[in-house]
Structure formats: C-alpha cells, structure tokens
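For reference, the structure is listed below as structure tokens.
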Amino acid sequence: MGAEQAPEPPPVVAAEREMGFAERAVAAAGAAVVSAVLVNPLDVAKTRLQAQAAGVVYNPIWSDFRCYPWCNPGINGLGPSCSSECFQYRGTMDVFYKVTKQEGVFRLWRGTGASLALAVPTVGIYLPSYDLLRNWIEEYSDHNFPKLRPYAPLIAGSIARSLACITCSPIELARTRMQAFKESNVGGKPPGMWKTLLGVLSLKQSINHPENFRSYHLLWTGLGAQLARDVPFSAICWTVLETTRRHLIGIVGEESNAAVILGANFSAGFIAGVISAGATCPLDKDPARVLHMNTRRILQEVWSKEGINGIFRGAGPRMARAGPSVGIVVSSYEVVKYIMHRKHAEL
C-alpha cells in the first residue's frame, strides 16, 4: 500500500517530515520578514484603493491649505486649494507615484513595523501548523480513509489559518487601523502599534465603566470578518498550491536543489495567491467598515449601491499583492527548511 501511494504526497523526504514545530517556526519567521518588507508597498496600495472605493478620502494636509506645487503647475502654492484629483488614486502605480510625491517614498513602508509584528507570529504559527496538520491528515488517510487525502491541504489550511488569526487578531487590528487612516497633520508622527491598541481600550473605558475588564474583547474586533476572509483564502490557496507545486516538481524532477525548490514554490505560490485573492475578493472589504459591520451587512450594502462591480472592486490590487506575497513566503519557507535539513543531515 505504501509503495502504491508513494508518488502522491508532495516531494517531502522523511527527514523533513520529522522536523519539529520550533524548526519550522524559525523558517517561517524568516520568510515572513522577507515578505513583509518586499510586499508592504503593495499592501498600502491595496488598502488605500479599497478604502477610497468605500468613500475614505486620503489627504495628508488640511483641506484649507494650499496645493502642492507639483499638483497644479505654475501655482507655486499661492493659488486655490488642491483639487480632489490630487488625492484620487487611479491604480496601484498612481498610489506609488502620489504617495511618493506627497508624503515621501518611505511612507510606502508605513506600517512595516506592525506588519512585521503581525507577520512573524502569524506566519510562525500558520505555516508550521499547516505542515504538521497536512502530514498528519495524509498519514491518517493512508491508513484509514484514502479518499480524505486530496482534501488534506484544504482542511489543514483552514484549521491552521484559524489558529493564526485567533492568536494574532489584536496585532491585525492595530495594523489595519494604522494603514487604513492617515493622520491629517503632515508633520505628525503616526501612532505606533501599542499606542493604537491602548487607544482602543481607553476609548472603551472612557465610554463605559473603567473597571469593566470585558473591554479587552475589543482587541478581537473584526475577528469574524477576518476569519470569513482568510480561512476561505487559505483553503483555496493550499489546494491550488499543492497541486501546482507537485506538477511543477514532477516536470523538473525530484532531484531537488535550492534553485528548483525556490522556483517551483514561488511559481506555485504566485498562481495560488492570485486565484485565491480573486475568488475571495468580495470578502476583503474596507477595513474601516469591518470595525463596525459584519461581512454580510457590508456585502449587502455594497451590492445595493454598486452591484457586482462594487463586490469585486479592488480585485486587481488584491491579486497583485497576493501573488508575490504568497510566492515569496512559501518559497522562502521551503528554501530555509531545505537548508536546515541539509545542515542537519551533514552533522
């Protein structure tokens, strides 16, 4: 039975399957750092385009200030206030251009600290949990229920993502608030992650009784919407990724090296990320609304006002971010695991 099913699983050697959670978590944390730094500008663009579609106007200056000279050539800041065109984004590249001009290039990496604070623990829990769950489900199915094996990525991806979301939801709340809304004071320093979270709690305590310790549940505000968005994404993503990765490695052969692992996993991750992002775009709406409305109400409101175009608004930026993000994370993770396994084998 074992010989007949040997070609089925992904090309993971037995020694790699024996890697513990801690070793996998180290590999995942390294992958998370690389991805957060490289993909953050795309994340900023996605967030601003989706928020703009929901009516949030990004303006780094007070409305009665004069326009930037570059926006209305020849005025040199002495003419009328900026037109709304100066703060309307027409696409991902337009976000990059205008943010760089209006706020400086480093603003594209605003929130990277919070992204890292979120990505490292989230991915550190998510990827090792997925690996171990998938391996366990595949082993169980081989001995007890063979028909379950094709669904191992879907089940493992859903459970692993749920665990990561629940654990790291407060950090996601802080990151969402930091990226979704810009401060209107140009010279003002945006609040950090911990100050943002403390602000959530202090706001609750100023409204209700300070002794109400249940206010801490606000740190999990939006968890339902996050699970509704991330769990289907993860289920679709891993189902597509495992199939694609197995096919690609089957083409190049199972004699793996770091370059083959990097290329196969990045390509499979890119394809899976794009497909998953497009399929779950209706579930990824404006972060500001998620803090006050559930996913069903948001979709009903968008559908009634904008129809199908509104439901899938922002699909382009979301897919443009998800493809490279998933590709970078998965390929980095698998390469680091490969290197760690080789080092361990040489000892």
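Throughout, residue positions are numbered sequentially from 1 according to the sequence presented. All heavy atoms count here, side chains included; hydrogens, waters and symmetry mates do not.
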*Quick one: pull up NE2 in His247 and CD1 in Ile251 and give me the separation to the nearest 0.5 Å.*
3.5 Å
*asked:* Same cluster or not: Val26 versus Val336, using hydrophobic residues (I, L, V, M, F, W, Y) connected whenever any side-chain heavy atoms lie under 4.5 Å apart?
replied: no
*For the pair Glu23 (side chain) and Gly20 (backbone), establish whether a donor and an acceptor sit closer than 3.5 Å, ignoring hydrogens and angles.*
yes
*Is the side chain of Trp109 donor-acceptor paired with the backbone N or O of Val37 at a distance under 3.5 Å, no angle test?*
yes
*Can you see which heavy atom on Ile137 is nearest to which on Ala156, and at what distance?*
CD1-N, 4.1 Å
*In Å and rounded to the nearest 0.5 Å, what is the CZ to OH distance from Phe145 to Tyr140?*
8.5 Å
*Report yes if the side chains of Phe21 and Ser129 come closer than 4.5 Å at any heavy-atom pair, otherwise no.*
yes
*Considering all heavy atoms, the nearest Ile236-Ala279 contact*: CD1-CB, 4.0 Å
*Looking only at atom types and distance, does a side-chain atom of Thr239 sit under 3.5 Å from a main-chain N or O of Ala235, one as donor and one as acceptor?*
yes
*asked:* Within this structure, what is the OH-CE distance for the pair Tyr97 and Met93, rounded to the nearest 0.5 Å?
replied: 11.5 Å
*Between Leu132 and Met19, which heavy-atom pair has the shortest distance, and what is it?*
CD2-O, 4.2 Å
*What's the shortest heavy-atom distance between Gly278 and Met319, and which atoms?*
N-CG, 3.6 Å
_Ignoring hydrogens and geometry beyond distance, is a side-chain donor-acceptor pair present between Tyr333 and Asn265 at under 3.5 Å?_
no
*So, do Gln226 and Ser169 sit near enough that their side-chain heavy atoms are less than 4.5 Å apart?*
yes
*When rounded to the nearest 0.5 angstrom, what distance separates OG in Ser332 from CG in Leu38?*
8.0 Å
*Any side-chain heavy atom of Arg48 within less than 4.5 Å of one from Val99?*
yes
*Cut-off 3.5 Å, side chains only: do Thr280 and Arg318 have a donor facing an acceptor?*
yes
*What are the two closest non-hydrogen atoms of Ala322 and Gly273, and how far apart are they?*
CB-O, 3.5 Å
*asked:* Are Leu154 and Leu163 linked, directly or through intermediate hydrophobic residues, by side-chain heavy-atom contacts shorter than 4.5 Å (ILVMFWY only)?
replied: yes
*Could you walk me through whether Ile328 and Phe266 pass the side-chain contact (heavy atoms from CB on, under 4.5 Å) test, one step at a time?*
CA-CA 6 Å; Ile328 291 169; Phe266 180 82; 3.9 Å; yes
*Taking side chain as C-beta onward, heavy atoms only, is Lys337 less than 4.5 Å from Asp131?*
yes
*Validate the cation-pi geometry between Arg161 and Tyr126: distance from NZ or CZ to the six-membered ring centre under 6.0 Å, angle to the ring axis within 45°.*
yes
*asked:* Just so I know, are the side chains of Ser325 and Ser35 near enough to count as touching, which here means a heavy-atom distance under 4.5 Å?
replied: yes
*So how far is it from Ile271 CD1 to Thr244 OG1, rounded to the nearest 0.5 Å?*
5.0 Å
_Under-4.0 Å salt bridge between Arg134 and Glu242_ = yes
_side-chain contact (heavy atoms from CB on, under 4.5 Å) for Val39 and Leu42? Distances and angles first, verdict last._
CA-CA 5 Å; Val39 181; Leu42 290 172; 4.2 Å; yes
*Looking only at non-hydrogen atoms, find the nearest pair between Ala272 and Ser276 and report the distance.*
O-OG, 2.7 Å
*Are the side chains of Tyr130 and Ile159 in touch, meaning some heavy atoms are under 4.5 Å apart?*
no
*Is the shortest heavy-atom distance from the side chain of Ile249 to the side chain of Ile261 under 4.5 Å?*
no
*Test Ile155 against Leu133 for side-chain contact (heavy atoms from CB on, under 4.5 Å), laying out the working first.*
CA-CA 8 Å; Ile155 298 170; Leu133 284 167; over 6 Å; no
_Heavy atoms from other residues, nucleotides or ligands near OH of Tyr151 exceed 12 (cutoff 6.0 Å)_ = no
*asked:* Please report the interatomic distance CG(Leu108) to CG(Asn40), rounded to the nearest 0.5 Å.
replied: 8.5 Å
*Yes or no on side-chain contact (heavy atoms from CB on, under 4.5 Å) for Cys237 and Val326, after CA distance, side-chain angles and deciding distance?*
CA-CA 9 Å; Cys237 183; Val326 175; 3.8 Å; yes
